[in-house]
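Model, not experiment: these values are computed from the prediction.
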Amino acid sequence: MKRWSQFFVPTLKESPSDAEIASHKLLIRAGLVRKLGGGLYTFMPMGLRVMQKLSALCREELERENPEHGRAGAIELWMPHLHPADNWEQGPRWAAAREIMFRADHAGAGKGRAREPEFVLGPTHEEVITPLVKQEITSYRDLPKNFYQIGTKFRNEIRPRYGLMRAKEFVMMDAYSFDADDDGAIKSYLAMKAADEAFFRRVGVKAIAVEADTGVMGGSFSHEFMVPAEVGDDDVIYSDAGYAANREKATSALVPADLADAAPAGEVEKFATPGVATIAQLAAEPYSVPGDAQFKTLVYMGDGKPFLVVLRGNDELEEAKLGALGFTLFRPATADEIAPVLGARPGSLGAVRGTIKDPAALAGVFADHAVRLIGNGVTGANEDGFHLRHVNVTRDLAITKFGDFRRVRPGEPCPRSGQPLQSRRGIEVGHIFKLGTKYADKFGAAYTDDHKQSHPMVMGCYGIGISRTLQAVIEQSHDADGIIWPWAIAPFQVLICLLDPKLPEALALAEQLAAAAEAAGADVLLDDREERPGVKFKDADLIGVPLRVVVGGKGLQAGVIEVKPRAVKEALKIPVADATEQLAGLVRAAASAVTV
RNA sequence: CGGGGUGUAGCUUAGCCUGGUAGAGCGCCUGGUUUGGGACCAGGAGGUCGUAGGUUCGAAUCCUAUCGCCCCGACCA
């Protein structure tokens with residue numbers, strides 16, 4: 001039991017001016033965190049308690065054995081936060097990952113040896129765990145294994161945002177599974193997905209698993225855990241049939257599987273379009289070519305070589321989907337890079353065979369499936385101020401490969417059910433990847449099987465943003481008065497508001513109640529401050545403790561105390577004689593409702 | 001990194017346009033009256049006006065630079 005007067009809960013009446021969203025304001029007003037600098041936060045005693053509870057639940061769920069998948073539980077370890085830059089240089093994503101890493105020097109750098117070793121602050125730990133496992137595990141008998149840690153991660157976020165939501169330094173659970181083969185890796189993946197789901201369920205936050213893009217991490221498939229919230233950074237595309245995917249990854253059944261190729265509608269014909277540089281201009285008078293009858297040709301640079309992406313005029317490129325093409329780094333090409341290859345400036349570009357000035361320079365022409373819906377359409381002539389009409393997809397376009405590159409729009413048919421797709425914002429609180437052998441190959445993490453054959457280990461990696469989850473819970477569970485903590489992670493589960501701390505019998509009863517609640521399994525905060533009742537009630541709502549008990553002189557005269565769950569309006573009056581017993585009962589009921 | 005905004009007491013802020021005494025509320029300290037939803041009265045402490053230059057007799061205010069922070073975009077747990 002903690003006494004408020006002796007503890008430290010610095011609440012604020014007003015929101016700091018730099019907090020924008022509800023959860024960020026409440027984090028600070030309720031005294032959970034304080035800002036050191038952009039994206040850097042001190043966890044105050046109350047905030048730390050929540051973090052510790054989240055971590056404890058996370059450990060429990062990860063370490064639980066998973067007989068359904070034949071998996072043992074994950075094993076905790078602790079890796080350095082400071083990594084030799086060498087590890088990253090040897091890994092598969094140095095070029096892409098260095099952008100977000102902090103480089104660390106020691107304060108005396110330059111005064112000692114001519115060449116100082118370089119260090120980075122770890123943004124994640126594949127580059128550390130994989131060499132470790134290579135060194136320690138060489139036999140199939142030691143597989144599968146799944147290691148995890150809960151610790152600080154450092155990412156030089158280009159733009160920290162919304163308090164803990166996107167911070168430069170944050171707390172993450174990261175786990176890494178190592179399996180002998182792909183089937184095993186899938187089992188590990190599913191076991192971790194189940195563990196994460198169990199974790200979020202026990203925390204008391206609604207987080208849904210959605211299909212996700214693998215991004216810089218690489219790998220073959222991936223899910224994100226999303227907490228639905230307007231302030232989230234991601235769009236989740238979903239249907240009532242249970243399909244859910246990050247917009248970056250989402251597809252639709254817009255193009256029927258049995259769509260026949262359109263027959264040519266006539267000879268390709270060049271026509272002058274002076275000054276026309278956009279889809280909209282071509283759609284307007286006097287040309288009047290609807291956007292969805294135009295081919296849009298985009299030029300990107302993939303690992304130094306240009307490639308084309310062809311979309312319907314009204315469709316937008318979903319840039320993340322270009323990741324499937326296998327380039328390490330890609331970016332839009334500049335006009336100066338485009339002209340020598342295609343022969344025209346943006347606005348008159350096309351992918352029609354024979355019009356591309358230097359087709360050999362291209363790393364490929366990739367067309368979205370949806371262009372097949374156009375059949376015959378209009379596109380740039382690769383000659384400034386000219387377009388081509390009657391361009392037939394199969395006859396005329398120099399397509400290397402079709403793929404899914406367009407951004408899905410709400411209302412399109414769900415790929416599973418055909419129901420209209422919907423969209424909502426979400427906060428990404430977890431992300432799991434089946435990595436395959438990408439890292440194992442690079443670091444030589446291999447094992448010997450029972451036929452003396454060597455194979456690369458098949459990996460998976462799994463992250464949960466612990467500090468971000470803390471804020472996501474607040475975002476999802478608050479009202480105008482403050483936070484409404486779920487029981488399992490509340491900094492305290494019972495708050496005893498002692499309205500008359502100077503009244504000896506009131507203090508004695510409050511302490512007795514505190515002891516009873518504690519014995520029943522709750523963490524108890526006793527508000528023994530010499531404050532007016534209004535202040536105590538406001539603070540109680542603000543800090544969001546799930547069960548509030550009021551002990552006051554007036555109640556005692558009437559022979560009652562009050563108990564009120566944070567989430568409801570009406571308080572329960574309980575006779576003093578039954579108080580300890582009933583409170584203990586309420587605590588036990590609340591606790592058992594959330595464990596398991 | 002591009003675009004927008006903003007720095008005044010522990011917090012929220014007024015003053016800046018149109019240069020001359022830096023003001024309020026909350027919080028804090030002392031005393032008193034209060035005490036079931038952020039009390040009241042009296043008194044008090046606390047500010048190099050982000051920083052550095054410049055203009056001026058005189059700069060929180062005008063100019064320049066710089067730093068921090070916030071928001072929008074790309075990135076991510």
With heavy atoms under 4.0 Å as the rule, sort [X] into base, sugar-phosphate or nothing.
X: A/Asp234; result: base
X: A/Val429; result: sugar-phosphate
X: A/Arg29; result: base
X: A/Ser15; result: sugar-phosphate

Taking atom [atom1] in both [N] and [M], what distance in whole Å separates the two?
N: B/G50; M: B/C70; atom1: C1'; value: 15 Å
N: B/G7; M: B/C49; atom1: C1'; value: 10 Å
N: B/G23; M: B/A14; atom1: C1'; value: 7 Å
N: B/C26; M: B/C41; atom1: P; value: 9 Å
N: B/G2; M: B/U8; atom1: C1'; value: 30 Å
N: B/G27; M: B/A39; atom1: C1'; value: 15 Å
N: B/G32; M: B/U51; atom1: C1'; value: 45 Å
N: B/A24; M: B/A9; atom1: C1'; value: 12 Å

Donor-acceptor contact below 3.5 Å, side chain A/Glu224 vs main chain A/Ala212: no
Where the side chain of A/Lys564 meets the backbone of A/Val568, is there a donor-acceptor pair that is under 3.5 Å apart? yes
Would you please test A/Lys442 and A/Glu126 for salt bridge (charged side-chain N to carboxylate O under 4.0 Å, His left out) and show each step? CA-CA 11 Å; A/Lys442 200 78 185 175; A/Glu126 284 79 6; over 6 Å; no
Side chain of A/Val535 only, please: which of B/A77, B/G37, B/A39 is the nearest? B/A39
Do [X] and [Y] pair up side chain to side chain, a donor and an acceptor below 3.5 Å, judged on atom types alone?
X: A/Gln512; Y: A/Thr580; result: no
X: A/Arg71; Y: A/Ser188; result: yes
X: A/Arg93; Y: A/Tyr439; result: yes
X: A/Asp539; Y: A/Thr11; result: yes
X: A/Ser5; Y: A/Asp528; result: yes

Determine, for nucleotides 23-36 of chain B in 5'-to-3' order, which nucleotides have protein heavy atoms under 4.0 Å from the base (write B), from only the sugar-phosphate (write S), or from neither (write -). --BSS------BBB
If a protein heavy atom is under 4.0 Å from the base, mark B; if only from the sugar-phosphate, S; if neither, -; do that for nucleotides 3-8 of chain B going 5' to 3'. ------
List the residues meeting side-chain contact (heavy atoms from CB on, under 4.5 Å) with A/Arg409, not counting sequence neighbours, and say none if there are none.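 Only A/Arg312, A/Asp315, A/Arg406, A/Glu412 meet the side-chain contact (heavy atoms from CB on, under 4.5 Å) criterion with A/Arg409.
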Where does the angle between the aromatic ring planes of [X] and [Y] fall among parallel (under 30°), tilted (30 to 60°) and perpendicular (over 60°)?
X: A/His24; Y: A/Tyr41; answer: perpendicular
X: A/His223; Y: A/Phe221; answer: perpendicular
X: A/His83; Y: A/His125; answer: perpendicular

Could you go through nucleotides 69-74 of chain B and list every protein N or O atom that sits under 3.5 Å from one of its N or O atoms, giving the distance for each pair?
| unit_1 | atom_1 | unit_2 | atom_2 | d |
| --- | --- | --- | --- | --- |
| B/C69 | OP1 | A/Gly38 | N | 2.9 |
| B/C69 | O3' | A/Lys35 | NZ | 2.9 |
| B/C72 | OP1 | A/Arg161 | NH1 | 2.7 |
| B/C72 | OP1 | A/Tyr162 | OH | 2.9 |
| B/C72 | OP2 | A/Arg159 | NH1 | 2.9 |
| B/C72 | OP2 | A/Arg159 | NH2 | 2.6 |
| B/C72 | OP2 | A/Arg161 | NH1 | 2.8 |

Hey, which of these two, A/Lys538 or A/Met172, hits RNA chain B nearer its 5' end, going by closest nucleotide?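 Final value for this comparison: A/Lys538.
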Expressed in angstrom and rounded to an integer, what is the separation of [X] atom [atom1] from [N] atom [atom2]?
X: A/Arg529; N: B/G37; atom1: CZ; atom2: C1'; answer: 13 Å
X: A/Glu428; N: B/C76; atom1: CD; atom2: C1'; answer: 7 Å
X: A/Glu224; N: B/A77; atom1: CD; atom2: P; answer: 8 Å
X: A/Asp174; N: B/A77; atom1: CG; atom2: P; answer: 11 Å
X: A/Arg155; N: B/C75; atom1: CZ; atom2: P; answer: 14 Å
X: A/Leu498; N: B/G37; atom1: CG; atom2: C1'; answer: 17 Å
X: A/Met44; N: B/C11; atom1: CE; atom2: C1'; answer: 13 Å
X: A/Asn246; N: B/A77; atom1: CG; atom2: P; answer: 11 Å

Side chains of A/Glu63 and A/Tyr148: closer than 4.5 Å at any heavy-atom pair? yes
Are any of the side-chain heavy atoms of A/Asp18 and A/Lys35 separated by less than 4.5 Å?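 Of all side-chain heavy-atom pairs linking A/Lys35 with A/Asp18, at least one is under 4.5 Å.
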Watson-Crick or G-U pairs under 3.5 Å in RNA chain B, rendered as dot-bracket with [ ] for crossing pairs and | for another strand: (((((((..((((......[..)))).((((((.....)))))).....(((((..]....))))))))))))....
Can you give the donor-acceptor pairs under 3.5 Å from side chains of residues 489-499 of chain A to other protein atoms, not counting sequence neighbours?
| unit_1 | atom_1 | unit_2 | atom_2 | d |
| --- | --- | --- | --- | --- |
| A/Gln493 | OE1 | A/Asp523 | N | 2.9 |
| A/Gln493 | NE2 | A/Trp487 | O | 3.0 |

Take A/Phe327 and A/Tyr300 through the ring pair (Phe, Tyr, Trp, His ring centres under 6.0 Å) test and state the conclusion after the steps. CA-CA 11 Å; A/Phe327 298 106; A/Tyr300 269 73; 9.7 Å; no
